[in-house]
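These notes are about the structure you will find just below.
Within every chain, numbering begins at 1; the chains are lettered A, B, ... in the order of the sequence lines, protein sequences first and strands thereafter.
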Amino acid sequence: MNLFSEAAQFLTDPANWSGATGIPQRLLEHVGYSVLTMGIALAIAVPLGLWVGHTRRGGGMIVGLAGALRSLPTLGLLTLFTLLMGLGLMPPILALVLLAIPPILSGTYSGVAAVSPALVDAARSMGMTEGQVLTRVEIPVALPVILGGIRNAALQVLATVTIVAYINLGGLGRYLIDGLAVRDYARMLASVVLVAVLALAADAVLALVQRLVTSPGLRLAGDRP
Amino acid sequence: MNWLSNNWSTVLDLAGAHLIQSIVPVVVGLLISVPLARLATSRRWLRPVFVTGSSLLYTIPSLTLFVVLPLILGTGITSVVNVIVALTLYVIAILVRSCVDAFESLDRDVLQAATALGYKPVRRLFGVELPLAVPVMIAGLRVATVSNISMVSVGAVIGIQSLGTLFTDGLRRSIVSEIVVGIVATVLIAIVLDQLLRLLGHVLTRWQRTGTTTARERRRAGAARHASASGRDDRTGGGDPEGRDSVAGAPGGAGAVAAVEARGDRA
Amino acid sequence: MTDLAIRYRGVSKVYPDGTAAVDNLDLDVPAGSLTVFVGPSGCGKTTSLRMLNRMVEPSSGTVEVNGQDVASIPAAKLRRSMGYVMQQSGLLPHKTVEDNIATVPRLNGVSKRESRANARQLLGSVGLDESVATRYPAQLSGGQQQRVGVARALASDPPILLMDEPFSAVDPVVRQDLQSELLDLQKRLHRTIIFVTHDIDEAILLGNRVAVFARGGRLAQYATPEELLRAPADDFVADFIGRDRGFRSLSFDNASVALQPVTVLAVDTGERFLVGPGSEDPAPWQAAGASSSDWVLAVDERRHPLGWLPVTASGEPAAREELRVGGTLWHDGGSLRTALDAALSSPSGQAVAVHRDGSVAGVVPGEDVMRAIEEQRSARYDRSERS
């Protein structure tokens with residue numbers, strides 16, 4: 001238990017809360033990589049998922065693609081891209097984007113595809129154009145599932161950004177890798193605790209967002225099977 | 001691929017270690033989850049405890065557990081035991097919920113009929129409830145297994161031996177083929193184990209395929225129920241409504257399968 | 001003849017796999033009428049309906065609405081010009097009731113405030129309280145959801161209303177309410193309504209005209225409900241209309257029968273008196289000593305009928321335990337069908353007639369009902385002979 005108090009000391013030491021290697025800086029880097037990754041992944045996966053979900057064509061392709069991407073080990077991609085493209089920001093971001101795409105893609109696709117055909121039919125019958133069907137009916141109704149996928153992706157990215165420190169980038173994983181190099185176990189512990197707290201906090205925030213943007217009507221519909 | 005022919009025994013060793021670290025947690029996790037889930041089905045107050053607990057557990061990054069567990073278990077930081085225990089916890093987090101879903105999706109009438117026929121509780125569990133819950137459980141198992149296989153390699157970052165070691169070693173020594181071999185081997189293991197589980201589910205659920213519903217109808221039902229299930233689920237995720245294939249077909253269980261798969265994305 | 005609202009000319013729908021959903025349909029629907037498309041499943045009735053708003057495009061032939069070929073009108077514009085009610089209400093689950101009703105006006109660019117105010121007004125006309133305006137569909141019963149569906153279809157004040165099995169998913173009691181409210185609504189609004197159902201009774205109850213579709217998308221008969229019951233065009237229609245055709249056709253004749261007074265027993269006071277024409281104030285029972293009936297009608301304190309009591313040999317009504325719960329009731333001025341039914345289901349053989357408030361108005365002996373039926377029949381027979 002001694003290590004825990006050492007880790008606590010590390011976390012409460014004012015020296016670790018300032019400067020280029022301080023916790024705020026590392027936290028910022030960690031969140032920055034994650035936001036960048038999520039931005040790219042969202043830009044790719046959401047439109048694709050919406051399109052396939054709306055047209056209800058190519059669902060099998062999406063499932064296959066997501067499954068294939070899911071079985072790729074992120075650490076392997078990270079090291080491979082680094083070797084092929086050299087050190088820098090893009091190789092790890094690319095690997096993380098591939099990690100984030102499957103949950104967003106299948107969440108978006110399955111959310112939209114699961115909107116009741118009768119509801120879509122009703123929307124068209126009322127004179128909605130295809131675009132209006134998508135933006136006024138399918139997306140709002142699928143929103144909880146879409147956001148669930150995004151939330152899941154964000155969690156994975158936040159957790160996995162830890163290992164970009166392995167290829168000399170920043171982020172909270174820096175303390176883990178540096179601590180490992182000098183057998184400073186307390187610093188490693190501090191690192192993973194910070195990541196866990198960040199993940200829990202982010203998940204809580206995203207859960208709140210999910211709740212806020214989900215129409216109460218959908219929650220009620222969910223409670224009544 | 002010269003590298004592979006010179007190092008195939010190393011690769012085999014690492015693959016073996018990788019397999020152990022992915023399979024043992026699945027087996028142990030299953031043995032723990034089923035009784036826990038059965039308990040939560042009969043003692044309703046346990047359900048929210050388990051559901052919240054597994055959500056929280058699931059939010060904790062695997063590296064965090066790999067580093068924290070040695071302190072609790074007294075193991076060395078590079079011990080495979082850490083990975084096995086950590087992944088067992090994740091398996092339980094996935095399986096308890098999917099088994100609860102599975103038990104809850106059972107047809108009450110069938111259970112009452114079994115009791116009326118004279119099944120005692122234990123025999124009813126093994127003779128009726130478990131076989132009927134198989135499709136949903138298999139779906140949970142497949143998700144847990146595939147995500148385990150990719151999580152195991154992360155342990156290599158802190159020095160735990162697995163196929164992930166090929167990534168860290170390959171990076172250090174700048175050998176692209178070593179990394180590629182590692183990726184291919186990991187994916188292969190994932191595919192083979194997933195297919196084995198699918199086959200197992202297929203064998204264990206022969207009774208299902210006499211129904212008159214088509215696979216398409218079941219999938220659609222699954223997708224619809226999935227959406228409604230996800231709406232109230234505090235840990236929704238990207239599930240595939242296609243329900244992969246034949247396992248997604250228990251009467252009343254298709255939605256549960258989809259819901260299980262929806263929770264499955266995690267590295 | 002009134003203006004035509006809808007005209008099908010040689011319309012067919014053949015799917016790529018060769019199945020014919022609609023076969024060479026010619027049909028004219030007058031404006032302001034409620035026309036029912038009825039038939040077994042797979043007969044093309046819904047397909048025919050959906051060709052009106054281009055949810056289905058015909059393989060050949062033309063569909064005209066108000067003299068304009070629908071194919072020449074952009075689909076979204078066409079659909080917004082018609083109200084559409086479907087079986088599973090199709091309400092948007094993420095929107096409140098008022099926003100659901102406001103959907104089409106909002107699509108047409110009406111302001112949120114105006115369309116919501118309009119939505120609240122419509123709630124009243126479909127029999128819903130304004131308090132449901134801010135609820136979500138999941139908080140409503142099936143019947144309430146269907147009412148909101150009707151209100152939504154009416155929101156942009158469309159001259160044409162398409163209703164695709166709108167009441168078939170609600171329970172029978174609620175369905176009856178919805179049906180009679182639709183009739184009331186139509187009396188006030190005079191829309192051109194096309195109503196699809198597989199329930200012939202619903203068709204006969206609601207339709208000004210009924211189009212019976214047969215399998216393969218053939219229009220088997222297009223007639224008023226009365227004609228349909230009296231003269232089915234072929235065996236298919238006769239079969240589809242089903243049993244008791246003659247009995248059911250009595251629905252279309254109002255019974256003009258004279259009420260007779262009846263001896264009633266007020267169970268709360270034990271008093272006996274006479275109720276019937278010419279005795280606005282109940283005459284004391286003694287004055288009606290001549291009433292030779294073997295039965296007295298037991299009533300509650302509001303004079304609502306409870307059932308019949310046999311009169312014993314002593315001339316006194318039997319004890320309350322002997323009460324025979326009565327049959328159906330006939331509202332004075334109702335149809336011959338309900339009068340006959342009331343007589344047949346009454347232990348005393350007399351149909352109990354009630355006022356609008358449910359209190360006893362008198363009785364009609366079964367023979368009188370039969371005589372009225374016979375008079376109607378011969379009157380019709382004479383009429384058709386002369387014409």
**Message:** Looking only at heavy atoms and a cut-off of under 4.5 Å, which of Thr96(C), Val104(C), Leu107(C) has the most pairs with chain A?
**Reply:** Leu107(C)

**Prompt:** Any donor-acceptor pair under 3.5 Å linking the side chain of Arg79(C) with the backbone of Asn53(C)?
**Reply:** yes

**Asked** Would you say the side-chain atoms of Arg54(C) pair up with the backbone N or O of Ile73(C), donor to acceptor, closer than 3.5 Å?
**Response** yes

**Prompt:** Do NZ/NE/NH1/NH2 and the carboxylate oxygens of Arg175(C) and Glu202(C) come within less than 4.0 Å?
**Reply:** no

**Prompt:** Taking Gly90(C), Pro93(C), Ser81(C) one by one, which has the highest count of heavy-atom pairs under 4.5 Å against chain A?
**Reply:** Pro93(C)

**Asked** Given that the side chain runs from C-beta out, which part of Arg135(C) has a heavy atom under 4.5 Å from chain A: side chain, backbone, both or neither?
**Response** neither

**Message:** Working to the nearest 0.5 angstrom, can you tell me the gap between Gln156(A) CD and Ser34(A) OG?
**Reply:** 12.0 Å

**Interchain contact, Leu91(C) with chain A, by part (heavy-atom threshold 4.5 Å)** = backbone

**Among the listed options Val137(A), Leu143(A), Leu119(A), the residue most often paired with chain C at heavy-atom distances under 4.5 Å** = Leu119(A)

**Contacting region of Arg50(C) [heavy-atom separation from chain A under 4.5 Å]** = side chain

**Request:** Return yes if a side-chain donor-acceptor contact under 3.5 Å exists between Thr62(C) and Asp69(C), otherwise no.
**Result:** no

